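See below for the structure under consideration.
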2 protein chains.
Amino acid sequence: MTYDFRMEIYQLRTFVTVAQQGHLTQAAELLHLSQPAVTAQIKALEEEFGMPLFERYPGGVQLTEAGKLLLPEAENILGLSRKLLHKAKSLQGEPRGKVRIGTIGVPARLKIGPWLARLRQRHPLLSIETTHGVSVSILNEVRKKTLDAGFYLGRNPYQNVNTLPLTEIGFCVALPPQLAGELANADWKELGKAPWLGVSQFSSLADITQELCRSRNIAPQKVGEFDEESTLLELIKAGLGVAVLAERTAKRYAADGSIMLWRGGEVAIRAPLQFIYSAEREDDALIGMLKGALRQVWDLP
Amino acid sequence: MTYDFRMEIYQLRTFVTVAQQGHLTQAAELLHLSQPAVTAQIKALEEEFGMPLFERYPGGVQLTEAGKLLLPEAENILGLSRKLLHKAKSLQGEPRGKVRIGTIGVPARLKIGPWLARLRQRHPLLSIETTHGVSVSILNEVRKKTLDAGFYLGRNPYQNVNTLPLTEIGFCVALPPQLAGELANADWKELGKAPWLGVSQFSSLADITQELCRSRNIAPQKVGEFDEESTLLELIKAGLGVAVLAERTAKRYAADGSIMLWRGGEVAIRAPLQFIYSAEREDDALIGMLKGALRQVWDLP
DNA sequence: GGAGGCTAATTGCAAATTCTGATGCGCAAA
DNA sequence: TTTGCGCATCAGAATTTGCAATTAGCCTCC
C-alpha cells in the first residue's frame, strides 16, 4: 500500500522502448500495448520522478535532459532483471538436494576441500552436509542410508556397499624413542614381543593392525584401546608402546624426533582409502555426480 | 501481454523481505500487506523461475539453495531501483532549460570547453546550444534575446547589454614577408602609407582596426574587405597588404616565417574579450549560473 | 485557408491483477 | 488433547491496467 516507491519494471521497459523509438505509438506496437497504455505508463513514471521524461513534439517525443540522465539506469535495471531470469533458467535443470557425506581421519587427506568445491561449482544447487566419524560407523550409516556416501579406510567392507578406491595409504610402525635402540631394526618376531598400543575396534586402524599382526604371525600384548590418532601419538611419545600410524603422520612426527620409526619408516602394510555408497544406488544420478567429481580430484580414469 | 517476463519489482521486494525475515507473516507486516498476498507473490516468482525459492517449515520459511543464489541479484535490482529514484529526486530542484550561447573567433580562446563542462557538471539539466558568429551579430542576437548570452570582442558594446570582462586580447600588425624589409620597424606614419587589408565591418577586428587607425592618426588605403582571420592570413602571406591579427595567431604563424610582425610582435592595441547578456536579465538565475561558472574558469573574483 | 495525415492526450468502460478476510491444515509445544 | 503459530487456499472486493473510440494539436499539401 504505502511502499518506498511504486515504479515497476514494466514501466521502465516502456520508458526504454519509447526512448529508443521516439514514438509512443511505435513503442506501443513493439510492446504489444495500446498507445493510451504507453501514455499512461510514461505519465506515471513522470509523476513519480517529479519531472517530464520526454518532450512532446508533433511527430513524436524526445528525451528531456533529465530523461537522458535517467535512461541508462533504467536500462541497467532491465538488464539485471533479464540476467536474474536467465540465471533462474540456467538453474532449472540443475540437480538439487541435500547430500550427506561421512568423513574419516584428517579431512585434508580425503581432498575434501577441492572435491566439494568442484561439486559445488558443477552443481550449485547441491547442499552438502558432512559428518565426521570412524570408518565403521560411517559404513553403517551408509548402509542404513542415513548418509548418502562416505569414506572408508580398509578393504571390501560389505556386500551391499559399493566402493570407488581412491588411493592407498601406507602405515608404519612407530616406536617410542626409549625403545628405538632395541627395536629400530628388529624382525617381526621381536616386534611382536614389545608392548603394543591397542586400537578401538571401531577405528579403521583396528582392522589394519589386526591384519598386520595376522599376516606377520604375531600376537602382541595390548596396552589398552584408543581411538584417536593424536592420543596414540601422545602415548607413543610417552613410551607406553609401539603402534601403527599412517605413513604421513608418522613421518611428520618422526622428523622432530619425538617418535622413532621402525626400519626407518618402511611401510609395514597398506590399506585402500575408498569412497563408499549403498550398492542399490549404483545408478543413482547423485552418486554419479559425486563419483565424477571425485575422479577428477583424485585423477582417476 | 506477451512480454519477455512478468517479474516485477514489488515481487522482488517481497522476495527479499521474506528472505531476511524468514517468515511470510512478518514480511507481510513489514510490507503492509496481508499474508496471502505475500504467499501469492512468492508463488508467482517461484512459478516464473521454475523452482521453489523457499522451503516451508512449521515456524517459518528458509531459502533454498536456488533462493540463496538468486537473492543477491534481486537485492541488486532493488538497490538500483532505489538509486534511480534517488537520482530522479536529486534532479528535482535542478534548474533546467535550453541555453543559447553565441561564440566568436576560435572557441578554444573562449575556454568554451572547460566552461561548458563545468556548467554541465553543476547543472546537469541545462542543455546548451552554441551558435558561432562575429561579434556584431552575436551582440544583436543577445539584444534580440534570440541568444541568452554570448561573447564579444571589443569595448562597451551597447547600453542595454551588460558585460563581464574576461580577459584582454592583444593585437599585432602582421606584415607580408615582401614588405618586412621596409616596414619592420617603421613608424605609424609610414605604416599608414602601406596597403592595408580591410576587415568586414561585422567582425570585431573591424572596430579594433578602426580604433587603432584613429588613435594613431592614420587612414590607410584598404585592399578589399574580408571577414575571416584565416582569409586574412592567406592574403598577408600572398603579399597583398598588412593587417591586424590577434597576438596569439600572429605569433604562431610568424614562427615559421610565413608572415612577419611589425616591431617584432609589439602589441599595437588591446581589446577586451567580454561575456555579454541582456541588461534586463542581470538578476536572472540562469545568467547567474553562466557567470558563476565563467568566473571559475577564468579565475575571476 | 481548408483537408488530410500524423501523433499524443483523454475518456469511459472492460479485463486482469492484486489484495483481503475467512478458513483450513500441519506441526510443535504445553 | 489442546493451543498457538505459520503457511496455503478460496471467494469476493478493490485496485490497477488495458483497450477502443474520440479529441486535440501540429504540420503539410493541395
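Convention: sequence-line order gives letters A, B, ...; per-chain numbering from 1. Since we're looking at a predicted model, the values are computed, not measured.
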Open item on the list: Is the positively charged end of B:Arg295 above the ring of B:Phe275, judged by distance under 6.0 angstrom from the centroid and angle within 45° of the axis?
Closed with: no
Task: Closest to side chain of B:Thr39, choosing from D:dC7, C:dT10, C:dC19 - done: D:dC7
Task: B:Leu24, nearest nucleotide to its side chain (from D:dC27, D:dA8, C:dT11) - done: D:dA8
Open item on the list: Expressed as a whole number of angstroms, how long is the span from B:Gln26:CD to D:dG4:P?
Closed with: 18 Å
- [ ] Just compare C:dA8, C:dG21, D:dC19 and give me whichever is closest to any side-chain atom of A:His23.
- [x] C:dA8
Task: Atom-to-atom span, CG of B:Leu45 to P of C:dT18 - whole angstrom - done: 11 Å
Open item on the list: Heavy atoms only, 4.0 Å cut-off, all strands: where does B:Ala37 land among base, sugar-phosphate and nothing?
Closed with: base
- [ ] Using modelled atom types only, decide if a donor and an acceptor are shared between the side chain of B:His132 and the backbone of B:Gly105 within a distance under 3.5 Å.
- [x] yes
Open item on the list: Without decimals, in angstroms, what is the distance between A:Glu8 CD and C:dA16 C1'?
Closed with: 16 Å
TODO: Return the value, rounded to whole Å, for the distance between atom CD of B:Glu29 and atom P of C:dG21.
DONE: 13 Å
Open item on the list: For C:dT18 and B:Tyr10 - does any side-chain N or O of the residue sit under 4.0 Å from the phosphate oxygens OP1/OP2?
Closed with: yes
Task: Whole angstrom value for the distance that separates P of D:dC7 from CD of B:Gln21 - done: 11 Å
Task: Residue closer to the 5' end of DNA chain C, B:Ser34 versus A:Gly60 (nearest nucleotide) - done: A:Gly60
Task: Phosphate-side-chain proximity, A:Lys43 and C:dT10, N/O vs OP1/OP2 below 4.0 Å - done: yes
Task: Cation-pi geometry met for A:Arg143 and A:Tyr277 (6.0 Å, 45°) - done: no
- [ ] Among C:dT17, D:dT9, C:dT7, find the nucleotide with the atom closest to the side chain of A:Thr25.
- [x] C:dT7
Open item on the list: For B:Val38 and A:Pro58, find the nucleotide of DNA chain C closest to each by heavy atoms; which residue's nucleotide sits nearer the 5' end?
Closed with: A:Pro58
Task: A:Arg6 CZ to D:dT17 P, straight-line distance once rounded to whole Å - done: 7 Å
Task: Exam field: side chain B:Gln274 to backbone B:Gly154, donor-acceptor pair closer than 3.5 Å - done: yes
TODO: Pick base, sugar-phosphate or nothing for A:Val61, based on heavy-atom distances below 4.0 Å to the nucleic acid.
DONE: sugar-phosphate
- [ ] Give a yes or no answer on whether the side chain of B:Thr146 reaches the backbone of B:Val142 with a donor-acceptor pair at less than 3.5 Å.
- [x] no
- [ ] Could you check which of D:dG18, D:dT9, C:dA9 has an atom nearest any side-chain atom of A:Gln35?
- [x] C:dA9
Task: Spacing between B:Tyr57 atom OH and D:dA8 atom C1', to the nearest angstrom - done: 17 Å
Task: Phosphate contact (D:dT16 OP1 or OP2) by A:Gln41 side-chain N/O below 4.0 Å - done: no
Open item on the list: Please pick, from C:dA8, C:dT10, C:dC19, the nucleotide with the shortest atom-to-atom distance to any side-chain atom of B:Leu33.
Closed with: C:dC19
- [ ] Taking the six-membered ring for Trp and the full ring for Phe, Tyr or His, determine whether the centres of A:Phe15 and A:Phe54 are under 6.0 Å apart.
- [x] yes
Task: For atom CZ of B:Arg56 and atom C1' of C:dA28, their distance in whole Å - done: 20 Å
